[in-house]
There are 2 protein chains.
Amino acid sequence: MTNTAGYGQFCPVAMAAEVLCTRWTLLVLRELLAGSTRFNEIRRGVPRMSPALLSKRLRELEALGVVARAADGTGQPSGYALTEAGRDLMPVVSTMGAWGQRWLKSQLSLSNLDPALLMWDMRRSLNPTPLPPRRVTIEFTYPEVRAASRCWWLVVEDAETDLCAVNPGFDVDLYVTGDLRTMTAIWMGLTTVRAAVAQQLLTLTGDRVVADCMQRWLGLSPFAGEARRIAD
Amino acid sequence: MTNTAGYGQFCPVAMAAEVLCTRWTLLVLRELLAGSTRFNEIRRGVPRMSPALLSKRLRELEALGVVARAADGTGQPSGYALTEAGRDLMPVVSTMGAWGQRWLKSQLSLSNLDPALLMWDMRRSLNPTPLPPRRVTIEFTYPEVRAASRCWWLVVEDAETDLCAVNPGFDVDLYVTGDLRTMTAIWMGLTTVRAAVAQQLLTLTGDRVVADCMQRWLGLSPFAGEARRIAD
DNA sequence: CAGTATCCGATGCGATACTG
DNA sequence: CAGTATCGCATCGGATACTG
């Protein structure tokens, strides 16, 4: 019986595609490459993936030698880490992302909005350097989104950023209001804070200092710098 | 109803994976990037893919703006070509292949032997330069392979290489005999002609001049130069 | 040569619930 | 928190045959 899975080709592209191009796999790798290590941390990056499938994929990647479970002696779960082979997948993931950023219609991306995902990504890439050296709280509101996901808080303190989905109760330094599409476009590098404010798609209220450097503290998508080569 | 296909993520990696990581797609792109343009030419590179699916994939890639049908005015079929977006997929395919070459166990590749595929690849990458400036015919024999795929001929003339599965009848300059595994390993850069001959895994009979430069006229896999980083 | 049409089967994966 | 267990369906794609 000829192997019905698999391509039956010795070519390295075929071999690699066989193991990497299964559903969700590349996105799990993206999360690991971005630094996630715990099961539920990875899950936040792939919220539509069922835990069963995530578990399966992680075991597959482990069998492949791409992921290793951090063994800490005790029996308790200790997270996942990329092996050297896994870290070497960075060029694969980033080349694919860069191509997507260059050539895929932005309306495609912008039809897949997700506030939790966006905020989670923003938390990860936020750059505290331009912010005043104290605790800074920024409240994001997406008026059109259902109540449960409408408001988010980023709390920056001691160069650490926390994301809250419920009001942490701190004084808010900056209120950011605009639709999710606009905020996502900014994060993807498709527009800028300045342009969005000028078009009245985004409203910044509160501390002028924090507002004025938003484009800098707001770390963007890793692919935001990729020059787009398709019109839309 | 939430889109059950698709990842529901705006991330460019997700968008790209959605369209590129479907079965056979990357291999079809590999063929196009390698220069194939006609339907049946592509098919030779993906022999286990059904024509129906190949046709479907080509139409999907066309809709994506990655492939364009060469329009030659007349109604007759005129082949497929990559657009600029398609040519820009080269880094994606080659990064993935390079990773596979570096990190996947060679026994994995070498369990997917296919004489037709190997010969087709060899035909494509053969380098006529070191060969004498006349017609050169090389006969390959894989003794362990079933009769129908056992013997192959590469005919090099005027810097063009033809592959024959039936004896073309020319005088043979060089007879190459060895098992398919050995020849595939050489083509993938896992061993060399010299080493295989020394181990008596490969036998070269005929014109010494042609035999002695085999390692050079035999163009290797595009990934043969990639240093392997896994032991096996 | 360059594909289409049709059918059907395996299985991948989504959904949900549950456990240490 | 960190997964496992189970179920069932949709759909992807393989096989085969056919057409302009």
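Residue numbers start from 1 in every chain, and the chains themselves are labelled A, B, ... in the order their sequence lines are given, proteins ahead of strands.
DNA chain D is contacted by both B:S50 and A:L58; A:L58 maps to the nucleotide lying nearer its 5′ end (nearest heavy atom per residue).
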Practice problem: Could you provide the dot-bracket string of DNA chain C, using ( ) for intrastrand pairs, [ ] for crossing pairs and | for bases paired to another strand, with Watson-Crick or G-U pairs below 3.5 Å? | Solution: ||||||||||||||||||||

Could you go through nucleotides 4-7 of chain D and list every protein N or O atom that sits under 3.5 Å from one of its N or O atoms, giving the distance for each pair?
unit_1	atom_1	unit_2	atom_2	d
D:dT4	OP2	A:S55	OG	2.1

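Sequence neighbours left out, not one pair with a member in residues 139-152 of chain B passes salt bridge (charged side-chain N to carboxylate O under 4.0 Å, His left out). Pairs passing the salt bridge (charged side-chain N to carboxylate O under 4.0 Å, His left out) check and including a residue from residues 152-169 of chain A, sequence neighbours excluded, do not occur.
Residue contacts for B:R43: at a heavy-atom cut-off of 4.0 Å it reaches no nucleic acid atom on any strand shown.
Evaluated for a side chain to side chain contact (heavy atoms under 4.5 Å, CB included) with B:L32, the options B:T37, B:V67, B:V93, B:V66 yield exactly one hit, B:V67.
Spacing between atom CG of A:L27 and atom C1' of C:dC13 amounts to 15 Å, rounded to whole angstrom units. Going from atom CZ of A:R69 over to atom C1' of D:dC1 covers 13 Å, rounded to whole Å. Taking atom CE on A:M49 and atom C1' on C:dC13, their separation rounds to 10 Å, with Å as the unit. At whole-Å resolution of the value, CG in B:L54 and P in D:dA15 are 15 Å apart. In this structure, A:L53 places its CG atom 11 Å from P of C:dG12, rounding to the nearest Å. When rounded to the nearest whole Å, the span between CH2 of B:W24 and P of D:dG14 equals 7 Å. Atom CD in A:E41 sits roughly 13 Å away from atom C1' in D:dA2 (whole-Å rounding). Counting to the nearest Å, the P atom of C:dA2 and the CZ atom of B:R38 are 5 Å from each other.
Not counting sequence neighbours, the partners of A:D88 by the salt bridge (Lys or Arg N to Asp or Glu O under 4.0 Å) test are B:R102. Remark: A:P115 pairs with A:Y142, A:V145, A:S149, A:W152, A:L180 by the side-chain contact (heavy atoms from CB on, under 4.5 Å) rule, at least two apart or across chains.
The number of heavy atoms from other shown groups lying within 6.0 Å of CG (B:D171) does not exceed 12.
Closest contact between the side chain of B:Y80 and the listed nucleotides C:dG3, D:dG3, C:dG14 involves C:dG3. If you check C:dC1, D:dG13, D:dG3 against the side chain of B:N40, the one that comes closest is C:dC1. Distances were taken from every side-chain heavy atom of A:R23 (C-beta onward) to each of C:dG3, D:dA2, C:dG14; the shortest belongs to C:dG14.
A tilted orientation is assigned to the rings of B:F39 and B:Y80, their planes being inclined by 30° to 60°.
Donor-acceptor pairing under 3.5 Å is lacking for the side chains of A:T161 and A:R123.
Within the structure, every side-chain polar atom (N or O) of A:R48 is placed at least 4.0 Å from both OP1 and OP2 of C:dA15.
Counting only distance, with no hydrogens or angles, the side chain of B:R30 and the backbone of B:S94 share no donor-acceptor pair below 3.5 Å.
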